[in-house]
Amino acid sequence: MVKDLKQVRKAVIPAAGLGTRFLPATKAVPKEMFPVVDKPAIQYLVEEAVASGIDDIIIVTGKDKRAIEDHFDRNLELYDKLEKKQKKDTLNELKKIDALADIHFIRQKEALGLGHAVLCAKKHIGGEPFAVLLGDDLILSRKPELKHLIDIYNRHNASVLCVAPVSKKEVSSYGVIKYKKEQGDIVVKGMVEKPPANKAPSNLAIVGRYLLKPEVFGILEEIPFGKGNELQLTDALKVLNEIDKVMAHEIEGKWLTVGDELNYLKAALIYSLARDDTRKDVLSFIKNLI
Ligand code: G1P
């Protein structure tokens, strides 16, 4: 174990994006609140963080995202109604959501990019290592994927990115790393945000899970705006990687994106097939369709 290692206690979930890829559904409802089976997408992220040992979560929201705050808040009126109707199981399920973690909300006043959203959490994170979980990326797995990143951080005292192999066609949609394998570990040697296929340094794309050292905040404050005229987290991590060790963890679970309609439908289907209470009915429904 490396000396002076700080325990990972905090996570940031950026949830300020406008969800334009999913209009008109996102006109009045934040995409993070779309249900995947019976839970809003963002609840899976909170549960993954909690299952990884994190108990302090900062959700960075923007305009028209009140529903997210309401979801993690107590609704005494509803509890009262459920109590009267003797809906104990549902009531307990709702109370579990309130007790999941200490959840704080910060408002990103302008949509200036993922790097900027993370920077908004600087004051709350202070000088501690922290996790970042992106709302478009759900990961279905036995061991929470974030826990792998925390384990690597604990072993190497390095920032860690979760990565997954993607096809040549897909690299231009993601941050892509350059890396070297050292005794089975993936050591990051550079990265680029959404490169054209012929300029991609590898086929390993960054999935929305990061374990970052707090030095990244100072870098985010200094670097210029990047791709799409936004403050890019990948650009800051590239600079961090020049002065400190950054490692990668190749995803073990199933990566499901929920930021657009087709992938959202696929994710909901896969989650429903992974659940004991829905698998059988969904399977027989599909069989009857084809
Ligand atoms: C963001 C990051 C990108 C990463 C991706 C993962 O992109 O900037 O590096 O690969 O999330 O989902 P976005 O999807 O917000 O454009």
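Whatever order the structure lists ligands and atoms in, that order sets their numbers, starting from 1.
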Write out the residue and atom name of the closest protein heavy atom to atom 4 (C) of ligand 1, then the distance separating them to 0.1 Å. Ile206 O, 3.4 Å
Cluster partners of Leu18, using ILVMFWY side-chain heavy atoms under 4.5 angstrom, listed by chain and number? none
Note: with side-chain heavy atoms under 4.5 Å as the link, the other cluster members for Val192 come out as none
Any idea which part of Leu233 is under 4.0 Å from ligand 1, heavy-atom wise: side chain, backbone, both or neither? neither
Taking atom 12 (O) of ligand 1 as the reference point, the nearest protein heavy atom with its distance: Asp137 OD2, 2.7 Å
Could you say whether the N/O atoms of Gly208 and ligand 1 ever approach to under 3.5 Å? no
Polar side chain donor-acceptor pair, Ser173 to Glu170, under 3.5 angstrom: no
Is Pro165 close to Leu204 at the side-chain level, that is, under 4.5 Å between some pair of heavy atoms? yes
Tell me the protein heavy atom at minimum distance from atom 11 (O) of ligand 1, and give that distance in Å. Leu134 CD1, 3.3 Å
Is ligand 1 less than 4.0 angstrom away from at least one heavy atom of Thr234? yes
Identity and distance of the protein heavy atom lying nearest atom 2 (C) of ligand 1: Glu193 OE2, 3.6 Å
Distance from atom 15 (O) of ligand 1 to nearest protein heavy atom, with residue and atom: Lys194 NZ, 4.7 Å
Can you tell me if NZ on Lys143 sees more than 12 non-hydrogen neighbours from other groups inside 6.0 Å? yes
Using a distance-only test with no angle check, is there a side-chain donor-acceptor pair under 3.5 angstrom linking His249 and Glu145? yes
